Amino acid sequence: MGTLDKAYDAHAVEDRWYKRWEDSGAFRGEVREEAEPYCIMIPPPNVTGMLHMGHILNNTLQDIFIRRARLEGKSALWFPGMDHAGIATQTRVERRLREEGLHRRDLGREKFVDEVWKWREEHGGIILQQLRKIGASCDWSRTSFTLDKDYSRAVLTAFVELYKRGYLYRGLRMSNWCPVSQTALSNEEVVMKPQQGLLYKMRYELVEKPGEHLLISTTRPETLMGDVAVAVHPEDERYRDLVGKHVWRPFPRARIPIIADEAVEIEFGTGALKVTPAHDAIDFEIGQRHGLPIIDVFHPDGTLNESAGAPFVGMDRLEARKVAAKKLEELGNLVETEPYENKVGFSERADVPVEPRLTMQWWLRYPKVEEARRAVEKGHIRFHPQRWAKTYLHWLETMERDKIDWCISRQLWWGHRIPVWYRKGIPREELDFDNPDHVHVSVDGPPDPENWEQEEDVLDTWASSWLWPFANFGWPGSDPVKKRELAYFYPTQTLVTGFDIIFLWVARMVMAGLELTGETREVLPDAEISRRIPFRDVYITGLIRDAKGQKMSKSLGNSPDPLDLIKRFGADGLRFGIVNIAPSGQDILFSEERIEVGRNFCNKLWNAARFRKMSGPSEDTSTEGTILERIDPALLSAYDHWILDRLVEVHSEVERCFERFEIHAYPHALYEFFWSDYCDWYVEASKTRMKDPATQETVLAVQDFVLRQVLRLLEPIIPFITEELWQSLGFSRSGETFLQDAGVLRAVSCRDLLENRIGTIDPSSRAEVENLKDLTTRIRALKAQYNVASRRDLSFWILPDGKAGEAVLERHRETLLNLAQIETLRMVSERPEGMPAGVTALGTVFLDLAQAIDVAAERERLEKEIGKLEKGIRAGEAKLNNPKFVDKAPEAVVDGAREQLEMTRSRFEEIQNLLESLPEA
RNA sequence: GGGGGAUUAGCUCAGUUGGUUAGAGCGCAUGCAUGACACGCAUGAGGUCACUGGUUCAACUCCAGUAUCUCCCACCA
């Protein structure tokens with residue numbers, strides 16, 4: 001065994017191991033019929049994406065799940081890939097063209113799409129390289145892209161199938177229009193943002209009663225040129241007489257009717273609503289009900305068109321708002337304006353207000369909504385934390401109740417072009433969709449393409465990624481290898497994602513799986529649901545915010561560069577740190593100091609291993625068996641039993657964390673065990689026995705055993721350093737290349753293995769060690785209180801608590817002296833006077849000070865302690881004197897209370913004795 | 001308007017199905033080169049568990065209400 005450097009140097013380790021893992025195919029996931037499958041589908045990052053903290057958290061968690069599964073012997077597959085990200089990518093390339101003074105129209109569709117592919121080759125998918133830096137153990141040989149040939153075929157097949165089954169239709173409806181991207185968006189891609197604006201109160205003159213006016217409130221005067229009516233509530237007394245009459249729209253000046261419609265809120269504003277069917281969803285509905293015309297005053301890019309009239313034509317909508325208000329004022333139509341905050345829908349991608357706009361789009365009626373609900377209600381799919389199931393269910397209910405459909409067409413070029421062909425020569429509005437001579441829908445297109453025109457629109461990116469869990473296994477193809485893989489890995493096991501895409505992605509994947517995998521069926525029984533769902537567990541991560549709780553964003557500059565963090569803290573440090581601070585399902589407040597914990601832990605691990613190496617060689621550490629053989633059970637102390645007991649316990653804690661998806665508790669459990677129990681107490685306590693040749697080998701073997709198990713438990717979260725130490729400590733069995741091949745022991749197996757060699761792990765060792773720790777701490781505290789913490793030549797006296805205490809003290813004397821850093825511990829049978837003392841379960845210790853003690857300080861300290869004990873005694877007595885407690889509480893609890901009281905009383909008495917023995921001040 | 005979540009030490013959070021005297025990390029104070037680790041070691045200070053009721057032998061934990069903060073959904077222009 002060589003030696004290790006003083007501090008862990010992540011860089012020297014990480015790239016080297018990653019390359020070896022990847023080169024040797026360690027992450028390859030394949031069908032192994034004898035093994036249980038465990039598959040995770042990566043939430044495909046955008047091809048334009050760059051690694052941010054959210055990715056770190058999300059992908060570290062996935063890596064933890066997949067690595068743990070691998071250690072458990074499952075056939076683990078983490079399927080990586082990317083999303084073509086229609087709008088984001090197209091926008092990116094358009095921006096580049098604009099720098100050259102070009103527009104995509106200048107190139108034409110085909111050339112433009114070529115440009116995007118070129119961009120993708122050069123700049124796309126950086127994130128997949130970055131993921132390697134954090135150690136993501138994806139099966140890169142499978143890296144998928146939603147526009148790959150096979151994947152595209154799956155997307156088109158899904159479209160055609162759903163069309164055949166009647167879920168798809170084309171319709172002229174109100175949709176969300178992004179004037180920057182110039183495409184429709186689904187409701188889920190629109191985020192509502194509160195906006196500070198103005199509420200304009202305007203007056204429109206009554207046609208039938210010149211000189212009289214109707215007051216109307218609006219936040220959008222720029223659309224009034226598209227007004228075709230004014231609506232009031234039918235039961236609004238104020239306006240009852242006016243219904244059926246008309247007002248003058250100020251510009252372009254026109255008579256428009258006053259109508260009654262229940263959609264109008266009597267309480268809001270003046271109770272009169274200007275109706276602009278082309279630019280507002282409610283207005284559109286009102287318009288439909290009353291047979292009103294539709295006047296669109298906007299161009300697709302959000303500037304005003306000819307219908308708006310002078311001077312508005314060509315003006316941007318926000319500019320037009322100001323101009324319209326000014327014009328209203330000049331005409332005397334503006335009564336007042338007041339500051340007003342309302343919520344405006346913004347395009348998630350382009351971050352500009354969307355326009356409700358009447359356009360022809362493709363719509364999807366969601367399939368298998370009822371089954372998607374049942375899948376979660378009946379527990380076929382489990383959310384972690386569970387409460388997110390409510391969010392999911394709530395959304396589905398809204399979809400069902402309000403019959404909300406999904407707008408899946410996009411007016412873009414980058415994406416899957418909708419596989420629908422229209423007969424040339426027939427105007428689109430005259431097409432009969434039931435006539436195959438008019439409309440052709442198929443994956444490969446019509447046999448006589450010259451007679452058809454393909455639909456120009458492409459599909460929403462989510463309408464491709466919702467097939468992710470099965471399209472990646474070759475669905476619907478007939479390749480036998482892929483079919484076998486689909487059968488083996490699907491349903492996948494765990495999905496790790498953020499709550500923000502529960503609607504956008506999670507729910508839709510469930511519906512797609514239910515509808516499209518397996519035979520076409522109208523209604524699915526539970527057993528079938530269980531077979532068709534895309535995943536069984538959904539782990540929802542929190543959002544990473546900065547230390548002040550603000551969202552991370554480029555504009556705020558509060559978003560750290562993960563690669564920089566990796567440089568400074570190591571990939572393992574960052575992984576450990578981020579998971580360590582991630583509470584379950586809550587937002588995470590990030591600060592660098594909190595990541596330091598991870599780096600420090602790695603360094604601690606490193607140094608514990610380093611210390612082990614410096615302490616002496618060992619024959620063979622490559623199996624548990626050879627390590628355990630070196631232990632002489634007769635030489636094991638309470639400390640050994642205790643640490644091995646705790647080791648078994650931490651195995652079951654880790655198991656519980658994974659079973660319950662409480663992943664944040666997983667690093668906590670190991671941190672506590674390794675740092676506090678193993679390093680601070682076990683290793684420190686063993687130092688004495690490591691010096692003794694008789695016990696040395698046994699102690700080192702225990703250390704080897706603990707380290708070996710701990711590395712296996714830690715591998716999922718800190719794979720690099722554990723691999724490095726695994727190899728360096730000689731733990732690798734011949735024939736096994738990596739730590740991951742060694743598997744992990746279940747707690748029960750770990751216990752069996754140990755007990756086969758050393759006999760039953762002594763259950764009383766726990767209490768014994770706790771008592772010794774307490775005594776050690778008391779001694780150290782006394783030293784600190786008397787400012788002699790650094791002296792090692794001090795003598796302590798101890799009045800043992802009975803024979804048992806005496807025996808324990810005798811057994812551990814040397815260890816105790818070393819742990820407490822004192823010269824001698826002398827047993828006495830009488831309480832010495834005039835010495836500062838501490839009371840423990842093993843006896844009362846006294847600090848033998850040459851100088852006089854500070855009686856006042858000592859008295860104060862003891863009185864403070866006695867105060868606490870008094871409280872405990874009172875509480876205990878009250879409890880035990882209550883017959884109801886003694887009757888009703890479980891025996892163990894009552895016994896526990898009795899024991900507790902007894903202990904508190906004896907300690908109380910002992911302290912009272914000490915107080916009495918204090919000399920007068 | 002509907003729904004979710006939160007409220008525990010200065011900060012960020014744990015706290016199992018109710019059961020001893022409520023924990024951790026960071027920060028803070030004090031001391032320390034002790035056969036690995038200053039990315040360290042030791043000791044310590046610091047808490048009316050938001051509030052009010054209820055259930056119970058027993059409530060940080062369960063129930064109801066109040067307050068404050070937060071997120072999601074929804075067509076008040």
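Only heavy atoms go into these numbers, but all of them, side chains included; no hydrogens, no water, no symmetry mates. The chains referred to below are lettered A, B, ... by the order of the sequence lines, with proteins before strands, and numbering in each begins at 1. A quick note: this is a predicted structure, and the numbers were derived from the prediction, not measured.
- Here B:A77 is the nucleotide among B:C13, B:A36, B:A77 with the atom lying nearest to any side-chain atom of A:Asn342.
- Contact annotation: A:Lys343 does not reach the phosphate of B:C72 (side-chain N/O to OP1 or OP2, under 4.0 Å).
- In this structure, A:Asp895 pairs ionically with A:Arg898, as a charged nitrogen and a carboxylate oxygen lie closer than 4.0 Å.
- B:C26 sits 14 Å from B:G46 when the C1' atoms are compared, rounded to a whole Å.
- Between A:Arg656 atom CZ and B:U17 atom C1' there is a gap of 12 Å when expressed in whole angstrom units.
- For the pair A:Asp402 CG and B:C73 P, the computed distance is 14 Å after rounding to whole Å.
- Among the atoms of the strands shown, none is found under 4.0 Å from any heavy atom of A:Tyr8.
- Using a 4.0 Å cut-off between charged nitrogen and carboxylate oxygen, A:Glu400 and A:Arg373 count as a salt-bridge pair.
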Checklist entry - Could you run down nucleotides 2-10 of chain B 5' to 3' and tag each one B, S or - for protein heavy-atom contact under 4.0 Å? => result --SS-----

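- Looking at the side chain of A:Lys864, the nearest of the listed nucleotides B:C32, B:A45, B:C76 is B:A45.
- One interatomic measurement links the two molecules: CD1 of A:Ile286 to C1' of B:C76, which rounds to 11 Å at whole-angstrom precision.
- Between A:Tyr682 and A:Tyr678, the ring planes are parallel. Angles under 30° get that label, and only those over 60° would be called perpendicular.
- Taking atom CD1 of residue A:Ile663 and atom P of nucleotide B:A14, one finds them 15 Å apart after rounding to whole Å.
- Residue A:Lys604 has its side chain nearest to B:G40 when only B:C57, B:G44, B:G40 are considered.
- For A:Lys6 against B:C37, a side-chain-to-base donor-acceptor contact under 3.5 Å is absent.
- Note on A:Lys773 versus A:Glu770: salt bridge recorded, some NZ/NE/NH1/NH2 to OD/OE distance being below 4.0 Å.
- As judged by a 4.0 angstrom heavy-atom cut-off over every strand, A:Val264 is placed among the base-contacting residues.
- Counting any heavy atom pair closer than 4.0 Å across all strands shown, A:Ser217 reaches a base atom.
- Each of B:A77, B:G25, B:G44 was ranked by its minimum atom distance to the side chain of A:Tyr671; first place goes to B:G25.
- Using bins of under 30°, 30° to 60° and over 60° for the plane-to-plane angle, the ring pair A:Phe268/A:Tyr340 lands in the perpendicular bin.
- Remark: A:Thr777 is in phosphate contact with B:U43, judged by side-chain N or O atoms under 4.0 Å from OP1 or OP2.
- B:U61 and B:U56 have their P atoms separated by 16 Å, given to the nearest Å.
- Separating the NZ atom of A:Lys868 from the C1' atom of B:G44 is a distance of 11 Å, rounded to the nearest angstrom.
- For A:Glu341, the side chain to side chain donor-acceptor pair (under 3.5 Å) partners are A:Gln196, not counting sequence neighbours.
- Phosphate proximity of B:C76 to A:Tyr340: absent, as no side-chain N or O sits under 4.0 Å from OP1 or OP2.
- Using a 4.0 Å cut-off, some side-chain N or O of A:Arg780 falls inside it from OP1 or OP2 of B:U43.
- For A:Phe661, the ring-ring contact (aromatic ring centres under 6.0 Å, His included) criterion is met by A:Phe65, A:His384, not counting sequence neighbours.
- Cation-pi geometry between A:Lys687 and A:Phe611 is met: under 6.0 angstrom from the ring centre, within 45 degrees of the axis.
- Remark: A:Trp675, A:Cys679, A:Asp680, A:Glu684 in residues 672-684 of chain A come within less than 4.0 Å of RNA chain B through at least one heavy atom.
- In this structure, CZ of A:Arg861 is placed 12 Å from C1' of B:G44, rounded to the nearest angstrom.
- In this structure, A:Trp606 and A:Tyr8 have tilted ring planes: the angle between them lies in the 30° to 60° band.
- Residues A:Arg907 and A:Glu902 are not paired through a salt bridge, judged by the lack of any N-O separation under 4.0 Å between the basic side chain and the carboxylate.
- The residues A:Arg317 and A:Glu222 are annotated as not salt-bridged, no charged nitrogen and carboxylate oxygen being separated by less than 4.0 angstrom.
- Atom CG of A:Leu214 is separated from atom P of B:A77 by 19 Å (rounded to the nearest Å).
- Taking only side-chain atoms of A:Asn603, from C-beta outward, the nucleotide of B:A77, B:C57, B:C39 with the closest atom is B:C39.
- Counting non-hydrogen atoms under 4.0 angstrom, A:Ala889 reaches a base of the nucleic acid.
- When heavy atoms are screened at a 4.0 angstrom cut-off, A:Val597 is found touching the sugar-phosphate backbone but no base atom.
- The P atoms of B:A22 and B:G27 are separated by 26 Å, rounded to the nearest whole Å.
- Nucleic acid contact class of A:Pro890 (heavy atoms, under 4.0 Å, all strands): base.
- As judged by a 4.0 angstrom heavy-atom cut-off over every strand, A:Leu589 is placed among residues touching the sugar-phosphate backbone only.
- Here A:Asn607 does not reach the OP1 or OP2 of B:C39: none of its side-chain N or O atoms lies under 4.0 Å away.
- Counting only Watson-Crick and G-U wobble pairs whose two distances sit under 3.5 Å, RNA chain B takes part in these stems of three or more pairs: B:1-7 with B:67-73, B:10-13 with B:23-26, B:28-32 with B:40-44, B:50-54 with B:62-66.
- Between A:Phe383 and A:Tyr392, the two ring planes are tilted [angle within 30° to 60°].
- Residue pairs meeting the side-chain hydrogen bond (donor to acceptor under 3.5 Å, both in side chains) criterion with at least one member in residues 225-235 of chain A, sequence neighbours excluded: A:Tyr204-A:Asp227, A:Asp227-A:Lys274, A:Asp227-A:Thr276.
- For A:Thr219, taking side-chain heavy atoms from C-beta onward, the closest of the listed nucleotides B:C37, B:A77, B:C73 is B:A77.
- Between A:Glu870 and A:Arg905, no side-chain nitrogen of the basic residue sits less than 4.0 Å from a carboxylate oxygen of the acidic one, so the salt-bridge criterion is not met.
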